[in-house]
Amino acid sequence: MRLGLALGYWGRGPSADHVPLAQEAERLGYDSVWTAESWGSDAFTPLTWIAAQTSRIKLGTAVAQMAARSPTTTAMHALTLDHLSGGRMMLGLGLSGPQVVEGWYGRPFPASPLTATREYVDVVRQVLTRRAPVELAGRFHAHPYRGPDATGIGKALKPITHPLRPDLPVLLGAEGPKNVAQTIRIADGWLPLYWSPSRPEAYGDAVRDLPQGFLVAPMARVQVCDDLSAGLLPVKAMLGFYIGGMGHAARNFHADLMARMGYEEEARRIQRLFLDGHREEAVRAVPDAFADEISLVGPRERIAERLELWRKGPVTDLLALAPDRHTLRVLAELNS
């Protein structure tokens with residue numbers, strides 16, 4: 001199982017520690033470093049900054065939001081950074097949800113998310129392989145555009161820049177069983193959310209029969225500490241925000257996933273508390289057991305024991321949200 005460093009997205013401003021952490025991860029033999037985006041910092045600019053100050057470590061987006069860019073724009077970002085980094089880019093994509101797509105990006109959430117994702121990946125692949133001009137008679141991503149307000153003179157184009165690698169890895173963030181099954185068919189890898197080594201069935205039957213070489217790269221909080229409760233608090237805060245606030249009361253993919261993982265009553269309670277303005281109570285309502293099974297927190301010996309569960313399953317890459325260099329070093333030692 002390879003290790004990656006997950007840096008996420010910025011809060012109020014950039015972290016001065018992200019580049020040093022990435023450099024330390026590279027020194028320790030980590031395979032990859034990953035950035036993200038929500039509705040603030042973007043995923044590609046920090047990754048480019050890190051690329052310029054590292055030499056070997058792979059560079060991934062976990063995830064770049066599809067609604068933020070047309071698929072050709074995303075492919076341009078990926079092929080450009082792949083050239084500049086000497087072939088280190090890994091493109092992780094996610095659809096996000098209706099609140100973000102419509103509230104932040106100002107565009108409709110697709111009526112058929114599976115179709116929209118499939119078309120998006122198709123266009124990205126066409127750009128990266130550069131076999132022919134990009135053409136797709138898509139419902140959501142038509143190339144050239146032929147809609148009722150089109151000029152009619154749009155032309156199918158190939159990228160001017162020759163991609164460095166036509167097989168640049170494309171990974172997808174997917175939660176529902178149908179979405180996961182499609183991801184396994186059309187992508188090179190999967191970025192699971194809330195991965196629990198003991199509950200792979202929550203993602204559907206397709207997880208049991210993965211193609212050879214397929215990447216499974218969940219993100220997990222990792223922290224070496226003596227106080228388990230204190231170590232789990234950041235996990236619970238993240239879960240409270242995602243389960244409670246990252247989605248509408250009637251349509252929240254994160255809450256639905258938590259429910260499928262055996263915590264339906266707790267997920268709905270967290271939603272109610274968060275949406276009613278009781279955010280601290282929502283965090284406290286996150287079960288310690290759930291936060292614990294999707295993370296690696298505690299003393300070194302405890303993490304070593306639980307790490308074996310992660311190794312026994314389909315996970316190929318553990319993307320560690322690790323807050324300090326000591327944790328990075330211990331995880332590298334335990335995984336060697």
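What's counted below: heavy atoms across the whole structure, side chains too, no hydrogens, waters or symmetry copies.
Here the options are R88, R27, Q23, the test is side-chain hydrogen bond (donor to acceptor under 3.5 Å, both in side chains), and the partner is T54; only R88 passes. Applying the side chain to side chain contact (heavy atoms under 4.5 Å, CB included) test between I184 and each of L210, N179, L172 identifies L210 as the sole match. When D227, D226, D292 are each tested for a salt bridge (charged side-chain N to carboxylate O under 4.0 Å, His left out) with R302, only one passes: D292. None of E175, M66, Q65 except one satisfies the side chain to side chain contact (heavy atoms under 4.5 Å, CB included) rule with L95; the exception is M66.
More than 12 heavy-atom neighbours from other residues, nucleotides or ligands sit within 6.0 angstrom of CH2 on W310. Summarising the local packing, CD of E280 is surrounded by 12 or fewer heavy atoms from other residues, nucleotides or ligands at distances under 6.0 Å. For CD of E333, the number of neighbouring non-hydrogen atoms (other residues, nucleotides, ligands) closer than 6.0 Å is greater than 12. Heavy atoms from other residues, nucleotides or ligands lying under 6.0 Å from CG of D167 number more than 12. Annotation: K178, atom NZ; neighbour count of heavy atoms from other residues, nucleotides and ligands within 6.0 Å does not exceed 12. Remark: E308 CD is packed, more than 12 non-hydrogen atoms of other residues, nucleotides or ligands lying under 6.0 Å away. Shown here is M76, whose CE atom has no more than 12 heavy atoms of other residues, nucleotides or ligands within 6.0 Å.
Between H254 and Y242, the ring-plane angle classifies as perpendicular under the 30° and 60° cut-offs. The aromatic rings of Y263 and F290 sit tilted, their planes meeting at an angle between 30° and 60°. The aromatic rings of F241 and W39 sit tilted, their planes meeting at an angle between 30° and 60°.
Separating the NZ atom in K58 from the CG atom in L5 is a distance of 15.0 Å, to the nearest 0.5 Å. The distance from the CH2 atom of W104 to the OG atom of S38 is 8.5 Å, given to the nearest 0.5 Å. The line from CG of L318 to CZ of R2 is 11.5 Å long, rounded to the nearest 0.5 Å. The distance from the CZ atom of F44 to the CG atom of L91 is 5.5 Å, given to the nearest 0.5 Å.
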Yes or no on side chain to side chain contact (heavy atoms under 4.5 Å, CB included) for L164 and L79, after CA distance, side-chain angles and deciding distance?
CA-CA 7 Å; L164 182 64; L79 74 85; over 6 Å; no
Take V330 and I303 through the test side chain to side chain contact (heavy atoms under 4.5 Å, CB included) and record every step on the way to the result.
CA-CA 9 Å; V330 169; I303 291 177; 5.8 Å; no
Trace of the side-chain hydrogen bond (donor to acceptor under 3.5 Å, both in side chains) decision for S96 with Y105:
CA-CA 11 Å; S96 193; Y105 295 115; over 6 Å; no
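In this structure the side chain of Q223 reaches within 4.5 angstrom of the side chain of P323, judged on heavy atoms. You'll find the side chain of T48 stays beyond 4.5 Å of the side chain of T80, heavy atoms only. Side chains of M90 and W34 form a contact here, defined as non-hydrogen atoms less than 4.5 Å apart. At a threshold of 4.5 Å between non-hydrogen side-chain atoms, the residues R325 and P20 count as touching. By the 4.5 Å heavy-atom criterion applied to side chains, P110 and T115 are not counted as neighbours. In this structure the side chain of K312 never reaches within 4.5 angstrom of the side chain of P197, judged on heavy atoms. In this structure the side chain of L128 never reaches within 4.5 angstrom of the side chain of D82, judged on heavy atoms. Counting heavy atoms from C-beta on, the side chains of M238 and L321 never come closer than 4.5 Å.
Both I243 and V100 are part of a single hydrophobic cluster, where members link through side-chain heavy atoms under 4.5 Å apart. Both Y30 and V19 are members of a single hydrophobic cluster when ILVMFWY side chains are connected at heavy-atom separations under 4.5 Å. At a threshold of 4.5 Å between side-chain heavy atoms, the hydrophobic network of Ile, Leu, Val, Met, Phe, Trp and Tyr places V170 and L59 in one connected group. V63 and L7 are not part of a single hydrophobic cluster, where members link through side-chain heavy atoms under 4.5 Å apart. Under a hydrophobic clustering in which Ile, Leu, Val, Met, Phe, Trp and Tyr are joined whenever their side-chain heavy atoms come within less than 4.5 Å, directly or via other members, I270 and V283 fall into different clusters.
Side chain of E293 to main chain of S196: no donor-acceptor pair is present (N/O by atom type, distance under 3.5 Å, no hydrogens or angles).
Summarising the geometry of V222 relative to T327, their closest heavy-atom pair is O-CG2, 3.3 Å, with the distance given to 0.1 Å.
Using a 4.0 Å cut-off between a side-chain N of Lys or Arg and a carboxylate O of Asp or Glu, E266 and R269 do not qualify as a salt bridge.
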